[in-house]
Amino acid sequence: MEEQEQTIDLRDLFKVLKEHLLVIIAVTLACGIAGFALSYFVVEKKYVSEALLYVENSANKSEDSAININDINAAQKLVNTCQILFTSDLMLNQLSEELSDLDYKAKEYKEMITVSSVNNTEVLEVSVETNSPEKSKLIADKVVELSINEYHRVIKNGSIEVVSGAILPETHTFPSNTIFTAVGLLIGFFVTYFIFLLIELFDTKVKPEDDIAKIYDIPVFAEIADFLTADKSGSKYKYSDYNSYGGYDSKAKSEKSSGKKKNKRNKEDEEDFDLDFEEEF
């Protein structure tokens with residue numbers, strides 16, 4: 001027997017959204033608020049301080065000298081060399097000794113410091129990220145100072161200059177309250193909607209007549225009312241009004257009570273008639 005493939009169209013998707021819209025909105029807003037609270041109160045904030053260095057291949061440049069493409073290419077290669085030198089273990093150990101008050105090890109500095117080329121040019125960017133704006137600036141300044149010394153000690157050719165020194169960060173770069181809130185809203189919406197969608201897909205109950213038409217591919221000409229659940233469709237009769245035999249309790253009780261009273265009156269009338277009949281004869 002071939003298994004019947006279950007499909008769902010766009011109308012069913014919108015139907016699920018419409019039926020559970022209030023719950024989905026409530027959960028979505030709650031997740032958005034949770035995301036904002038997480039970024040604002042829980043996640044540790046990070047501050048970045050940056051400095052720019054310019055590497056030049058020739059140390060003796062006159063104002064009239066023309067730009068040599070070979071010097072530019074050589075300077076760009078020097079930048080790649082500097083990225084390795086300025087994050088070497090030797091320099092990081094020296095940085096740890098110079099900033100012994102911060103109590104960071106060389107391995108920790110390696111995770112904080114990033115040295116990279118700006119758009120593949122001769123400009124180097126030194127970036128330091130810590131949980132304090134003051135620490136970030138202090139470490140960045142010291143990295144620039146040690147980098148210049150390391151350049152002249154190892155390369156001994158060309159020059160390196162400070163384009164812009166490190167500045168004190170005014171705001172944190174991580175976490176972003178906007179991103180955390182947006183992610184929380186998206187997670188809340190899609191997870192809640194997906195749960196209701198799964199419930200709808202795995203629900204095997206036949207509810208509207210359209211379900212029968214879809215399953216058996218036959219038209220529906222009439223419906224038989226279910227009196228046990230008729231109160232949901234607006235009927236005046238409710239489930240509590242029916243007894244276990246399907247009868248109407250209040251009506252059955254009233255009929256039974258009136259029947260007892262009627263039988264009692266008939267019996268009393270019969271007894272009175274018998275007494276009258278005996279007295280006459």
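Because the structure is a prediction, the values reported are computed rather than measured.
- Between Tyr109 atom OH and Thr87 atom OG1 the span is 15.0 Å, to the nearest 0.5 Å.
- Between Gln76 and Asn120 there is no side-chain heavy-atom pair separated by less than 4.5 Å.
- Among Pro175, Ser132, Ser39, the one residue that satisfies the side chain to side chain contact (heavy atoms under 4.5 Å, CB included) test with Lys45 is Pro175.
- Between Tyr40 and Phe36, the ring center distance clears the sub-6.0 Å criterion.
- Surrounding CD1 of Ile167 are at most 12 heavy atoms belonging to other residues, nucleotides or ligands under 6.0 Å away.
- Between Pro133 and Leu168 the shortest heavy-atom distance is O-CD1, 3.4 Å.
- Residues Glu161 and Ile148 are not in side-chain contact: their nearest non-hydrogen atoms beyond the backbone lie 4.5 Å or more apart.
- Annotation: the span from Leu186 atom CG to Thr181 atom OG1 amounts to 11.0 Å, rounded to 0.5 Å.
- By the 4.5 Å heavy-atom criterion applied to side chains, Leu53 and Ser147 are counted as neighbours.
- With contacts defined as side-chain heavy-atom distances shorter than 4.5 Å, the pair Phe86/Leu95 does not qualify.
- Scanning all heavy atoms of the two residues, the minimum distance from Val115 to Gln83 falls at O-OE1, 3.6 Å.
- Both Val162 and Ile155 are part of a single hydrophobic cluster, where members link through side-chain heavy atoms under 4.5 Å apart.
- Using a 4.5 Å heavy-atom threshold, the side chains of Glu56 and Glu122 count as separate.
- In plain terms, the two heavy atoms of Lys137 and Ser49 that are nearest each other are CA-OG, 3.6 Å.
- Checking side-chain atoms of Thr121 against main-chain N and O of Val118 turns up a donor-acceptor pair under 3.5 Å.
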### Task
Any chance you could lay out the side-chain contact (heavy atoms from CB on, under 4.5 Å) test for Thr192 and Ile195, step after step, and finish with the verdict?
CA-CA 5 Å; Thr192 309; Ile195 291 174; 5.8 Å; no

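- The minimum heavy-atom distance linking Tyr151 with Cys82 is given by the pair CD1-SG, 3.6 Å.
- Both Leu13 and Val23 belong to a common hydrophobic cluster when Ile, Leu, Val, Met, Phe, Trp and Tyr are linked at side-chain heavy-atom distances under 4.5 angstrom.
- In this structure, Leu85 and Met91 have side chains that are not in contact, with every pair of non-hydrogen atoms separated by 4.5 Å or more.
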### Check against side-chain contact (heavy atoms from CB on, under 4.5 Å), Leu17 and Phe196
CA-CA 8 Å; Leu17 180 61; Phe196 283 122; over 6 Å; no

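- Residue Tyr54 is not grouped with residue Leu146 when hydrophobic side chains (ILVMFWY) are merged at heavy-atom distances under 4.5 angstrom, including chains of intermediate members.
- Taking each heavy atom of Ser117 and Leu124 in turn, the nearest pair found is N-CD2, 4.3 Å.
- Lys110 NZ to Ser88 OG: the interatomic distance, rounded to the nearest 0.5 Å, is 8.0 Å.
- Neither Val123 nor Leu78 shares a network with the other; the hydrophobic side chains, linked directly or stepwise wherever heavy atoms of I, L, V, M, F, W or Y lie under 4.5 Å apart, form separate groups for each.
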### Task
Go through the steps for Met112 and Lys135 under the test side-chain contact (heavy atoms from CB on, under 4.5 Å), then give the verdict.
CA-CA 11 Å; Met112 299 177 188; Lys135 288 181 181 179; over 6 Å; no

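- Using a 4.5 Å heavy-atom cutoff, the side chains of Val48 and Lys46 are not in contact.
- More than 12 heavy atoms of other shown residues, nucleotides or ligands fall within 6.0 angstrom of atom CG in Leu198.
- Applying the 6.0 Å contact sphere to NZ of Lys77 captures no more than 12 heavy atoms from other residues, nucleotides or ligands.
- With Ser96 contributing its side chain and Tyr104 its backbone, the two residues share a donor-acceptor pair below 3.5 Å.
- Put simply, Phe174 and Leu38 are part of the same group of oily side chains (I, L, V, M, F, W, Y) that touch within less than 4.5 Å, one to the next.
- Ion pairing between a basic and an acidic side chain is recognised when a charged N comes within 4.0 Å of a carboxylate O; Arg153 and Glu150 show such pairing.
- Relative orientation of the Tyr47 and His172 rings is perpendicular, given thresholds of 30° and 60° on the angle between their planes.
- The side-chain heavy atoms of Ile139 and Thr130, taken from C-beta on, include a pair separated by under 4.5 Å.
- Rounded to the nearest 0.5 Å, atoms CG (Leu92) and CD (Glu97) are 11.5 Å apart.
- Taken to the nearest 0.5 Å, the CG atom of Leu52 stands 10.0 Å off from the OG atom of Ser127.
- Taken to the nearest 0.5 Å, the CG atom of Leu185 stands 11.0 Å off from the CZ atom of Phe190.
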### Query
What's the verdict on side-chain contact (heavy atoms from CB on, under 4.5 Å) for Val191 and Cys31, showing C-alpha distance, side-chain angles and the deciding distance?
CA-CA 10 Å; Val191 170; Cys31 290; over 6 Å; no

